[in-house]
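The next block holds one structure in the form of structure tokens; read it before the comments.
Residue numbers start from 1 in every chain, and the chains themselves are labelled A, B, ... in the order their sequence lines are given, proteins ahead of strands.
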There are 2 protein chains.
Amino acid sequence: MAIRLKDIAADLGISAVTVSKVLRGKPDVGEETRQRVWERVRAVNYQPNLLARGLASGKSQTVGLIVPDLLHTFFAEFAKGLKAGLRKRGYQLILASAEEEPQLEREEIDTLLARGVDALLLATCQPEEDALASLAAIQVPCVLVDRAIPASGRPFVGTDDSAAGRLATEHLLSLGRRRIAHIAGEGFSTGLDRLQGYRHALTTAGIEPRSEWVVCRSRLEEAGDRIGEAAMAEFLALPERLDAVFCYNDLSAIGAIRAVLAAGLRVPEDIAIVGCGNLRLADYMRVPLTSIDQSTGEQGEWAAKLTVLLLAGKEKNLDRQVRLAPKLVPRSSTQGS
Amino acid sequence: MAIRLKDIAADLGISAVTVSKVLRGKPDVGEETRQRVWERVRAVNYQPNLLARGLASGKSQTVGLIVPDLLHTFFAEFAKGLKAGLRKRGYQLILASAEEEPQLEREEIDTLLARGVDALLLATCQPEEDALASLAAIQVPCVLVDRAIPASGRPFVGTDDSAAGRLATEHLLSLGRRRIAHIAGEGFSTGLDRLQGYRHALTTAGIEPRSEWVVCRSRLEEAGDRIGEAAMAEFLALPERLDAVFCYNDLSAIGAIRAVLAAGLRVPEDIAIVGCGNLRLADYMRVPLTSIDQSTGEQGEWAAKLTVLLLAGKEKNLDRQVRLAPKLVPRSSTQGS
DNA sequence: GTGAAAGCGCTAACAG
DNA sequence: CTGTTAGCGCTTTCAC
């Protein structure tokens with residue numbers, strides 16, 4: 001068994017409570033005692049048992065994050081920023097992944113709560129109705145991430161996705177494109193908002209959005225390349241040729257580009273393509289990909305900040321919505337090269 | 001406060017011990033009692049407090065994994081496989097990332113142990129000496145991952161990296177290349193073993209490895225593209241021109257390709273390039289990248305299996321080394337197109 | 001088959 | 001400033 005608090009206390013001939021106080025930085029301990037405790041703690045490399053501490057105190061200084069899939073670099077990057085932000089504020093992170101399975105997500109929620117996390121951050125992969133039910137049962141502060149559910153009344157940190165849709169579409173318009181299609185993401189606010197931004201930009205430019213130029217697809221995070229390729233093939237089969245496509249994410253954009261090239265057309269000369277997410281490798285693709293950057297790491301930092309404020313009761317606005325502004329990163333897939 | 005074991009017991013007019021036994025599947029409880037307990041548990045959606053359970057039992061049915069960085073898809077994929085394997089065997093996973101900082105890794109080790117994990121899996125980013133010191137202090141079963149440290153006497157699961165080096169080099173040799181360079185990874189067994197495999201393949205083919213054709217670089221996981229590009233530029237400045245390069249990983253291979261193309265040369269006609277890791281997007285690169293696949297998910301599964309065997313005391317070979325065979329995935333960067 | 005008693009290692013609340 | 005007393009919610013042990 002590892003060394004315990006009471007061992008240290010016994011060694012020093014003082015009470016366990018005093019040692020505990022020193023460890024937690026309580027002020028009501030004499031300077032000399034404090035010194036001796038720390039000295040001994042370091043000497044034996046004592047580590048407090050977090051299970052016991054959490055059980056006794058009802059607090060764990062730990063928050064949980066559940067993401068749909070860590071293979072999506074977005075979430076890995078978000079987790080990284082979040083972790084740094086939490087650390088800076090004296091909190092730890094437990095990371096869990098739902099592997100895109102709603103059932104697993106529910107289990108992870110239960111597990112993290114059973115582990116006594118002080119707060120939960122959730123990028124849900126559940127359909128809205130189910131997510132609402134899950135959320136309703138969560139008794140600790142809970143921040144939604146990436147995928148918004150306004151009806152939940154929970155705080156949110158994510159991208160301003162409708163701005164992302166607008167930005168991408170306006171970029172294409174500014175290049176003189178007029179017949180702009182969209183491969184949309186289905187099922188979550190990210191997809192719906194980007195679609196809305198796309199429509200808004202078109203309308204503002206005096207172009208009537210055409211329904212045959214929008215396809216909605218799910219699972220774009222996992223299989224976007226295949227799905228994007230197939231969707232693009234459908235677009236290419238339309239009687240009137242498009243001159244640009246805004247894709248829900250970079251993976252689907254990469255697939256779309258493949259389909260365009262396979263059809264013997266050029267990117268961007270014949271069809272310009274914009275993705276979203278700004279993948280690390282976007283610049284090394286067959287055609288370097290114009291994309292929308294989401295400042296993912298910053299989102300994590302924001303989430304940390306907001307969560308800790310909530311925990312401290314210092315955030316008055318209990319359904320605070322933080323939406324970071326997306327940025328366009330132009331590359332060859334829209335600008336020639 | 002959440003509902004407790006004793007609440008259920010009180011509701012049913014039985015003792016907490018009996019409820020606890022039912023929950024843990026102990027046999028010495030009457031069938032009828034068992035039914036009633038489960039019914040009530042489901043009705044109130046009771047979740048056992050894991051802190052209390054862990055504290056009381058000294059077991060948590062949880063293992064911890066520490067990786068250098070979740071942004072390396074290798075580790076995200078490994079974690080996924082591991083998680084699935086553990087789940088199947090009734091264990092949970094707590095995932096931690098050291099963000100490539102040895103100090104953080106040490107803290108994560110301490111934290112996970114303080115959380116009472118039953119076992120620890122570690123892909124260390126510490127230099128061997130430091131890692132040995134850290135490992136020596138770990139009192140629970142501990143499996144090394146990806147980066148081997150034979151001197152530690154700990155079990156290991158990873159790639160057969162020297163086979164990977166051989167495979168890549170033999171592939172290049174089989175294509176008639178003779179002047180084959182290597183951008184090697186520094187500091188860990190992965191890099192050293194791949195280098196050794198490279199040398200072995202050359203020697204076996206009757207080619208004397210030349211020191212100016214090997215450069216060792218660190219941080220290739222994070223900044224491989226930049227570093228690979230620079231390393232390739234150095235190679236190109238040598239008096240005698242290479243005709244192939246085996247790169248430590250895909251990221252550095254991508255950088256190397258960029259440098260080759262920037263010099264006005266062709267891949268693979270002038271210089272063939274092989275990477276390692278088989279990135280998801282390898283096929284969509286400027287030049288689709290020939291790579292070595294590491295069966296990453298399977299490695300995770302193996303790690304789960306081995307860990308649970310260790311925990312059950314069923315693995316006799318306490319420093320069991322599992323090295324999965326790598327596979328070559330040929331693409332245009334070596335084969336033309 | 002069932003349950004009473006005794007903790008697991010720590011902290012909260014209060015007393016000195 | 002320091003320590004005592006009582007738990008946190010669960011499991012273990014061992015009687016019945």
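- When rounded to the nearest whole Å, the span between CG of B:Leu55 and P of C:dG9 equals 7 Å.
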Please test B:Lys21 against B:Asp28 for salt bridge (Lys or Arg N to Asp or Glu O under 4.0 Å), starting from the C-alpha separation and ending with a verdict.
CA-CA 8 Å; B:Lys21 282 175 176 167; B:Asp28 57 346; 3.5 Å; yes
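- Here B:Ser15 does not reach the OP1 or OP2 of C:dT2: none of its side-chain N or O atoms lies under 4.0 Å away.
- Distances shown here put a side-chain N or O of A:Thr33 below 4.0 Å from the OP1 or OP2 atom of D:dT2.
- B:Arg24 comes within 4.0 angstrom of a base, heavy atoms only.
- Rounded to whole angstrom, the span from the CG atom of A:Leu51 across to the C1' atom of C:dT11 amounts to 14 Å.
- Checking the phosphate oxygens (OP1, OP2) of D:dG9, no side-chain nitrogen or oxygen of B:Tyr46 falls inside 4.0 Å.
- In this structure, A:Leu23 atom CG and C:dC10 atom C1' are separated by 10 Å, rounded to whole Å.
- Heavy atoms of A:Asp28 sit under 4.0 angstrom from at least one base atom.
- Here the nucleotide nearest the side chain of A:Thr18, chosen from C:dC10, D:dC10, D:dT2, is D:dT2.
- Ring geometry for B:Phe74 against B:Phe78 counts as parallel: the plane angle stays under 30°, on a 0 to 90° scale with 60° as the upper cut.
- Going from atom CG of B:Leu12 over to atom C1' of C:dG3 covers 15 Å, rounded to whole Å.
- Rounded to whole Å, atom P of D:dC8 lies 18 Å from atom CG of A:Asn49.
- Checked by distance alone, A:Lys21 brings a side-chain donor or acceptor within 3.5 Å of a matching partner on the base of D:dG3.
- Contact annotation: B:Ser20 side-chain N/O to D:dT11 OP1/OP2 distance is under 4.0 Å.
- The separation between A:Ile8 atom CD1 and C:dG9 atom C1' is 13 Å, rounded to whole Å.
- Whole-Å rounding puts the A:Lys26 NZ to D:dG3 P distance at 17 Å.
- Between B:Thr62 and A:Arg115, the side chains place a donor N or O and an acceptor N or O closer than 3.5 Å (distance only, hydrogens not considered).
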Start with the C-alpha distance between B:Arg147 and B:Glu221, add both sets of side-chain angles, then the distance that settles salt bridge (Lys or Arg N to Asp or Glu O under 4.0 Å), and finish with yes or no.
CA-CA 13 Å; B:Arg147 304 162 180 199; B:Glu221 326 278 0; 3.7 Å; yes
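- Out of C:dC10, C:dT11, D:dG9, the shortest distance to the side chain of B:Ala52 is found at D:dG9.
- A:Ile14 comes within 4.0 angstrom of sugar-phosphate atoms only, judged by non-hydrogen atoms across all strands, and of no base.
- Counting only heavy atoms from C-beta on, A:Ala56 has its side chain closest to C:dG9 among C:dA12, D:dT12, C:dG9.
- By the 4.0 Å N-to-carboxylate-O rule, B:Glu108 lies close enough to A:Lys83 to be salt-bridged with it.
- Rounded to whole Å, the distance from CZ on A:Arg4 to P on C:dG9 is 5 Å.
- For the pair B:Glu222 and B:Arg219, the salt-bridge criterion is met [side-chain N within less than 4.0 Å of a carboxylate O].
- Between A:Ala2 and B:Arg34, the residue anchored nearer the 5' end of DNA chain C, judged by the nucleotide with its closest heavy atom, is B:Arg34.
- Nucleic acid contact class of B:Val17 (heavy atoms, under 4.0 Å, all strands): base.
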